[in-house]
Amino acid sequence: MAVPLPLPALHATHAGIWLADGQGDVREASRGEAIARAAETPHIILNAPLVGQRLGYPDLSGLDLLELFAFLHPARFAVPTVAGLSRTLGLEPPTADAEAARALRAIAERLLSVLADPDWREREGAWTSNATLHRLGWGWAPLVGARLERPERGERMLFSRLRQWEEAAERPPPRTVLVDPGDTSRKLDQLTGRAEPREGQRAMAEAATQVFAPKRAKDVPNLLLAEAGTGIGKTLAYLAPASLWAEQSGGTVWVSTFTKALQRQLDGEGPKLFADAEERARRIVIRKGRENYLCLLNLEDALQGAFAGRAAILAQLVGRWAAYSKDGDMVGGDLPGWLPSLFRRAGAAALTDRRGECVYAGCPHYRRCFIERAERASREADIVIANHALVMVNAARGREDAPGRILFDEGHHLFDAADSTFSVTFGGQEAIELRRWIVGPEGRSRGRRRGLAARLMDVASYDDEGGRALDAAIEAARGLVSDGWLQRLVEGSPFGPVEALLGEVRGMVYARAKAQEAGYGLETELAEPDGALVSAAAAAGEALDQLHKPLAALARRLEAVIEAAPDWLDSQARARVEGAIRGLAWRRETLAAWIALLGRIGGEADPEFVDWLAVERIDGREYDVAIHRRWLDPTKPLAGAVLAQADGVLVTSATLRGGEGWPAAEARTGAAHIAGAVERFEAESPFDYEACSEVLIVTDVKQGDISALAGAYARLIEAAKGGTLGLFTAVARLKAVHARIADRLARAGLPLLAQHVDPIDAGTLVDIFRDDPRASLLGTDALRDGVDVPGESLRLVVMERVPWPRPTVLHAARRMAALRQAQDERGGSAYDDRVVRARLAQAFGRLIRRDGDKGLFVILSAAMPSRLLSAFPPGVAVRRVPLDIAIQRVEEFLTGRGNADEAANGAEAREIELEGP
Ligand code: SF4
C-alpha cells in the first residue's frame, strides 16, 4: 500500500481557493494566504498557469500533476482537470471543490505508485531523464528518484530508440481502373456493418465513384460537389470508393480536412478499413505541414543545453514523449495540447522546424526524422489524411507527391484556406526570418541555427563562384530588418531601406486607419500612397532585388555542383547542398512575390489583388508592421494550381451551398473556374431538426450594454445548467462578459471556460468542455467551426450578435466586386448575407451531431434579419422572444417539461416564416 504523501495541495477555481495540508485536511483560504503558503512550501497543483491566474499570481509554481503525468505517461491522452485525471487513473472524481484539493493528493500518490509497477509501459528512458530533470531543478524529480529503481543496464539513448524509416523503390503510377458502383455499395455495407446503410449514404458513395473515373481531358478533373447533411455518414460514403480505388489502382487518395477535429474523427474510422493495427498504420497516414512535427535535431540541441530553466524541463518531457509518440506530431497529435501551455509556450515552437532550417540528409537523425518518415509513409499509403493548406501547398509547388485524387471534406472552408495559402505578406517578422535563414544567429542568440554560410561551408571554400554568390547574399540580407527594428520604427530611426519602408507603412496606417477593436490590429487600404511611401517602396524593392540576384546565382551554382559531382562532394555535402537548393527555391519564390508587391506601390492597381497596410497588435502591443496581398478571388489559383492538376476531386460539406443555390457553391470552391461539367450531389440530413432543435432570437438585450449581455449569458447558462457554447464576434466583449459572470457561475457549480482568457489552448478547452456536462465554453471564430461535441455536453449555443463580417479592407474589396458583378446595390449586401448565412449554419451545426442530440440556438440580437434564417435547416422553429421567455424555454426544452409553445405564445412570441434565399 502506498504511503500517503506528506505534501500540501492547492486548488483554485472561480468559486474559491482550497488548501489541503500534509495530512489531507482541507480548508478554504484567501488569495493572499494561498500565495504565501505556495511560496513557502511547494504545493501539489494541477495546471500552474491556470491556478496562478485564478490567484492573480501568474508566477505561481509548484508540483504540477500535469507535468508528472506527462513524464509518466507520455503520448497518453488525459483531460487536464481534477475529474479528468481522476477518471484516467481509475479514481473516483471529486464531487465538490473542497474535495478536489484532497483529490490532488490522491492523484499524486496514484501517479507516483506507477513507478513501482512492473507493467509500466513507459519505463524505458525514465531513469535517465529524471536524473537530468533533477539537475534542472524539476520539483517532482526527488520524489520520482526515490521511487524509481535504477535500471540494471544503462538505458538506450533516446535517439537510438526511435524507429528508422526504410528507403523504398519509387511507387509506380496508379493503374487506370473503373470503380464499380455495385462494389462500392458492398464495401459500404462492410464498413458500416449494416446490410442496409442509410439511403443518403449509399447514394453518396455511389455518386463519389465518379471522382475515381479516368481523367477526361487535360486540366479537367472529375469534379463532384456534394452537400451531405449532418448525420448522413459522409465520411464512410467517400471512404468506400476511395479505398476500393486505392486497392485496385495501387494509388493514393488524399482526404483533406480543415479542422483537427475531423482529422481525428477520420483517423478513428481507420479500424473499419483495416482491422490489423500494423496494416492500418501502413495504409492510412496522417500528414501535416512540417512545422507541426518535432525536429529531432532541434530537440537534441535543446537537450544539450540550448534551452535553459523551464524550457529545458519542457525539452526533457518532450524527449520522453518523442520515444512513445505515434508520429511526432506536436500540434494536435499525441503530444498533450496542454503541455506547452504549462511552460507558457516557451520553447515548444523552437522544437519544430518552423524556420525551414532542415539540413535533410545532412542531419544525423535524418533516418529517424518524423517528418521524413511521414512523407515516405504517405507515398506508400492508400489513404492520406491531410489538411487543406498542405494539399494546396504541395499542389501549387508542383511537388512530386502532389495528390491526383483529392477528397476535400469541410469543403465550405476551401475559400478561406485558399485565401491564406495564396496570400503574400511582406513585413518585419517575415523579413527578419529570412535574414536569420541566410545570415544565421547574430549577437547573443544561441542554438544550432546556422546560416547559409555555415551550411554551405564546403561550397564556399571549393567553388569560387558559389562562394562569391553566398557572400553577396549574406551582405544583401544584412540590409533587411534586424533585431530591435520595431523599437527603431517607433522611435522614428529606422535602419536601412526595408526598415525605412516599414516606418512609412506604420506612419500611413496610424494616419488613416480606424481601430475596429481597441488594442487590436489596424489597417488601411494601399491606395493613393504619399510620395515618401512610394520612394521608400522603390528603395526597399531595390534592396530585395539585390538579395534575389545572388540567391538565384547561388541556386544555379549549387545545381551545377550537384551535376558535376566534384571529389569533395561526399554524401553528407551532397545532402546539405540538395537541402539548400530546396530551401532557396522557396525563399526566392517569396522574394519574387515581395518584389512584385512593392513594385505595385504608386503604380496601377492590379484588379486581381487586394493590397493593404497593417500594424498588428495584441492588447495594444505592436508586434508586426506589414504589407498584405490577397487574391480578390482566391479560388482562381485554387482552381488553376490544385483542382485542374488533379485527376478527380470531391468537395463535400454539410453546408456547401450555405443556404443558397449551386452557383454559390461553385463560386466558393473554385469549381466555377474549371472547364467542363461539374457534377452535383445532395442528401438531406436524416435528423428531425424540427423535434430536436429550436432557434430563439432574443429581442430585449440592448446592443452595446455589456452588463445586460453578461446577465443574459449567465441566466441562459444557469437555465441550461451548463452545456453552453457562447460565441462572440469580438475578443474584448468575450473577456468583459467572462469577467462579470465566471465567479457567479462557478459558485453555482457551473464552470466557465474561455478562449483568450484561460491559459489553455483551444483544443484542450474543447476536451474539458466535452468531458464535463456542467461546463460552458466561451470562444470566437475557431470554436464556431472546430467544435465536435456530440451528446449532452453541448445543448445550448448562444451567439451574442449576428456574425456580420468585419469591415476590413479585404472585405470591402470583395463586397465591392460582388456589387459590380450583381450590377445593383443589393450585390454588396447579398455578399454579406452569404458570409453570415455560412457562419450561422456552421454555428448551428455544432448543436446536433448525432441521433438523440437535442439543443437550442439563441441569438442575443433583435437585429437578426429574417432573410438570413434560411441558414438553419428547414423545419426548425424560429421564435423572437424576450429574454425571460427564452430562459423559460431553455429550461423546458432541455428538461422536456412544461408546454413551451404556450409559454412562447403567452408572451406573444412570433414564429417567423422561413424565407427562401
Ligand atoms: S531531417 Fe531536418 S527536420 Fe528532420 S530531424 Fe533532421 S533537421 Fe530536423
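All ligand and atom numbering here is 1-based and tracks the order in the structure.
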Suppose I only count heavy atoms of [X] and a 4.0 Å limit; which atoms of ligand 1 are within that range?
{"X": "Leu297", "value": "5 (S), 7 (S)"}
{"X": "Cys369", "value": "1 (S), 3 (S), 4 (Fe), 5 (S)"}
{"X": "Ile371", "value": "3 (S)"}
{"X": "Cys295", "value": "3 (S), 5 (S), 7 (S), 8 (Fe)"}

Check the side chains of [Y] and [X] for a donor-acceptor pair under 3.5 angstrom, ignoring hydrogens and angles.
{"X": "Glu67", "Y": "Trp138", "answer": "yes"}
{"X": "Glu155", "Y": "Thr128", "answer": "yes"}
{"X": "Arg287", "Y": "Ser378", "answer": "yes"}

Legend entry - Lys/Arg cation over aromatic Phe71: Arg320, 6.0 Å, 45° cone: yes
Inset, instruction - Would you please determine whether Arg290 falls within less than 4.0 Å of ligand 1 on a heavy-atom basis? - result: yes
Inset, instruction - Just say parallel, tilted or perpendicular for the rings of Tyr366 and Trp165, cut-offs at 30° and 60°. - result: perpendicular
Inset, instruction - Before giving the answer on side chain to side chain donor-acceptor pair (under 3.5 Å), spell out for Asp761 and Thr764 the whole-Å C-alpha distance, their side-chain angles and the decisive distance to 0.1 Å. - result: CA-CA 6 Å; Asp761 64 293; Thr764 302; 2.6 Å; yes
Inset, instruction - Return the option from Thr352, Leu299, Leu296, Asp353 holding the heavy atom at the smallest distance from atom 5 (S) of ligand 1. - result: Leu296
Inset, instruction - Assess Cys358: does it contribute an N, O or S atom lying under 2.8 Å from atom 4 (Fe) of ligand 1? - result: no
